[in-house]
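Comments concern the structure below.
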Amino acid sequence: MEEDSNSSTSPKGVRVRFAPSPTGYLHTGGARTALFNWLLARSRGGSFILRIEDTDEERSTDESTRAILDGLRWLGLEWDEGPEVGGEFGPYFQSERKELHLKFADQLLKEGHAFVCDCPKDERSDDKAKFDENCRERPLSEQLKLLANNPALPLRLKVEMGRDIVFQDLIRGEVRVSTDEIGDIVIVKSTGGPVYNFSCVVDDATMDITHVLRGDDHLSNTPKQLLIYEKLGWEPPQFAHLPLIVGMDRARLSKRHGATSITAYRELGILPEALVNFLLLIGWAPKDDREEFTRDEMIAAFSLDGIGKSAGAFNTEKLFWFNGKYIRSLSDEEYQRQVFEFVPREWKKAKRDDYIAKVVLLFKDRLTHFAEIEELAWYFFRAPDDYNEEAWKDIMAGNENAALVLKEIPAALKALPEFECERIEKLVRSYAKDKKLKLKDAIQPMRVAITGDRFSPGFFEMAELLGVNEVTKRCSTALAKLNPDD
RNA sequence: GGCCCCAUCGUCUAGUGGACUAGGACAUCACUCUUUCAAGGUGAAAACGCGGGUUCAAUUCCCGCUGGGGCUACCA
């Protein structure tokens with residue numbers, strides 16, 4: 001693929017847009033499209049424009065608009081023009097541009113490129129090339145009369161049959177479609193509202209958009225839009241169609257593949273940097289083997305020729321891996337601050353913040369996302385009320401030293417002048433040595449007693465945090481279960 | 001159904017007409033570190049969908065098939 005540096009790129013640089021319809025939350029595919037647009041603008045010193053396509057009054061909601069703006073900001077994809085920031089090409093809500101769209105539709109009608117169509121609604125849908133020529137060839141005066149009598153009539157574009165519409169897609173290469181497949185497309189609905197493809201063209205053109213970078217699902221819209229540009233006598237922008245993001249089963253991304261909205265990842269405790277880095281690598285690859293990119297690095301490395309043609313699967317495991325990396329790269333303070341948002345309310349009620357801060361730090365390299373903290377660290381806030389069956393069998397019931405360890409070590413720990421990590425370690429190590437036990441055999445029973453299972457952060461740090469009373473209490477609870485007769 | 005698009009390890013991908021014994025990453029497995037689990041380190045296993053061409057040579061170019069996907073609205 002050639003980098004285009006040709007005539008259609010205006011001297012002020014590229015102008016790209018992300019144009020979501022506010023009918024739901026910002027979803028994964030949309031976020032990736034926004035990211036690539038943003039990257040193209042930033043890497044070429046151009047502008048990234050946000051336009052909200054809210055012409056579907058039934059489905060558009062303010063709440064969705066809110067969610068989309070929030071989502072983009074959270075991802076760090078700031079727009080140069082659009083809602084809340086303004087710009088000289090506004091308004092940036094498509095619904096507010098209706099008059100403009102209709103003005104150009106009217107122009108097309110007057111120029112004979114469009115016509116009032118009174119064919120029954122479903123008659124044209126099947127065979128586009130065959131239809132009643134009546135309405136198409138009617139003189140303008142008659143059409144206007146028709147419209148005056150019945151305003152609920154759509155406007156169609158007059159499309160010559162048997163023509164090939166050809167364009168160079170920056171990602172796909174040459175795309176060719178026959179007008180036989182297109183037909184006389186509707187540009188204004190019988191409700192009087194402009195149709196998506198028409199609004200889109202008018203907006204892109206009047207907003208001076210140079211590159212339309214959008215999902216593959218729009219590929220078949222492009223020839224239709226090109227026809228509209230042609231009839232309007234406008235120079236079309238460059239087009240680039242991004243391959244879609246699919247689920248691991250290659251089907252369209254949907255709820256059953258897990259989270260699809262950006263908000264959901266935010267709520268799981270995914271860092272925006274991780275999500276962006278991950279999204280970047282679906283459909284785009286750098287010239288080298290790098291995988292981790294800061295914003296500046298990705299801006300520097302990005303170019304359209306690194307974009308592939310085939311759909312990519314959204315692999316949540318890799319996202320989690322990226323996120324773990326990004327979590328570990330946070331400073332301790334920043335990590336604590338962020339994970340604190342995910343700490344359950346009961347923990348905050350039960351324990352002081354500095355205790356919680358120390359606890360969460362023990363899990364910094366164990367988390368793949370912040371929301372995991374609850375299921376990993378709960379035993380720092382309450383004693384286990386049961387023990388994992390396997391763990392109990394292997395480590396407690398199946399270990400003749402368990403009872404001894406659970407009785408003697410806590411007793412010794414109580415005698416410590418200061419219940420602190422290094423002293424605990426020293427004591428436990430020398431105890432194990434005296435009894436000719438492996439350190440593991442001394443520690444694992446206590447770990448099970450404390451956590452209910454065989455995994456946890458380092459024992460000595462954990463013990464220090466819990467305090468001598470809690471440690472001895474949990475050990476004797478376990479001991480009581482192990483030796484019910486005592 | 002019609003039209004269109006796509007096709008390298010399970011997944012994201014690199015790559016080229018001969019340097020490919022096809023590279024990297026996630027996941028997997030093993031080893032290592034180690035008080036367990038992680039994290040870290042080392043290593044292993046793992047792919048050019050099939051069939052025809054073109055060519056001295058094809059994963060790379062062409063055609064067909066198969067598979068997957070998209071579009072097929074007076075939705076956006």
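We name chains A, B, ... by the order of the sequence lines, and we start the count at 1 in each one.
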Regarding [X], tell me which of base, sugar-phosphate or nothing describes its non-hydrogen contacts under 4.0 Å with the strands shown.
X      : value
A/G215 : nothing
A/G312 : sugar-phosphate
A/E317 : sugar-phosphate
A/S456 : base
A/T55  : sugar-phosphate

TODO: Determine whether the side chains of A/D441 and A/N401 contain a donor N or O and an acceptor N or O closer than 3.5 Å.
DONE: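 No donor-acceptor contact under 3.5 Å links the two side chains.
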
Open item on the list: With a 4.0 Å limit, can you tell me whether A/K309 has a side-chain N or O closer than that to the phosphate oxygens OP1/OP2 of B/C6?
Closed with: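 Yes.
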
Open item on the list: Counting only side-chain nitrogens and oxygens, does A/R328 get under 4.0 Å of the OP1 or OP2 atom of B/G40?
Closed with: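 For B/G40, OP1/OP2 do have a side-chain N/O of A/R328 under 4.0 Å.
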
Open item on the list: Can you give me the closest heavy-atom contact between A/W392 and A/A478, atom names plus distance?
Closed with: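 Residues A/W392 and A/A478, closest heavy atoms: CH2-O, 3.5 Å.
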
Open item on the list: Quick check: closest heavy atoms across A/A391 and A/D453, and the distance to 0.1 Å?
Closed with: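 Heavy-atom minimum between the residues: CB-OD1, 3.8 Å.
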
- [ ] Starting at atom CG of A/D365, determine the distance to atom C1' of B/C33, rounded to an integer number of angstrom.
- [x]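 In whole Å, B/C33 C1' and A/D365 CG are 13 Å from each other.
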
TODO: Report the distance from atom CH2 of A/W284 to atom C1' of B/U13, rounded to the nearest whole Å.
DONE: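 Those two atoms, CH2 and C1', are 12 Å apart.
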
Task: For A/L319, the option from A/L279, A/T368, A/I282, A/I270 that meets side-chain contact (heavy atoms from CB on, under 4.5 Å) - done: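 The passing option is A/I270.
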
Open item on the list: What's the gap between B/G24 and B/G41 when it is taken at their P atoms, as a whole Å value?
Closed with: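 The answer is 15 Å between these two P atoms.
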
Task: Within the 6.0 Å centroid threshold, strictly below: A/F320 and A/H369 - done: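 Between A/H369 and A/F320, which both carry aromatic rings, the centre distance is below 6.0 Å.
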
Task: Heavy-atom donor-acceptor pair, A/R172 side-chain to B/C5 base, under 3.5 Å - done: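 Looking at the base of B/C5, it does not pair with any donor or acceptor on the side chain of A/R172 (distance under 3.5 Å).
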
Anything under 3.5 Å between a protein N or O and an N or O of nucleotides 67-71 of chain B, put it in a table, one pair a line.
unit_1	atom_1	unit_2	atom_2	d
B/G70	OP1	A/R252	NH1	3.4
B/C71	OP1	A/R252	NH2	3.4
B/C71	O2'	A/S220	OG	2.8

TODO: Ignoring the backbone of A/R454, work out which of B/U35, B/U36, B/U13 is nearest its side chain.
DONE: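 In terms of side-chain proximity for A/R454, the closest of B/U35, B/U36, B/U13 is B/U36.
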
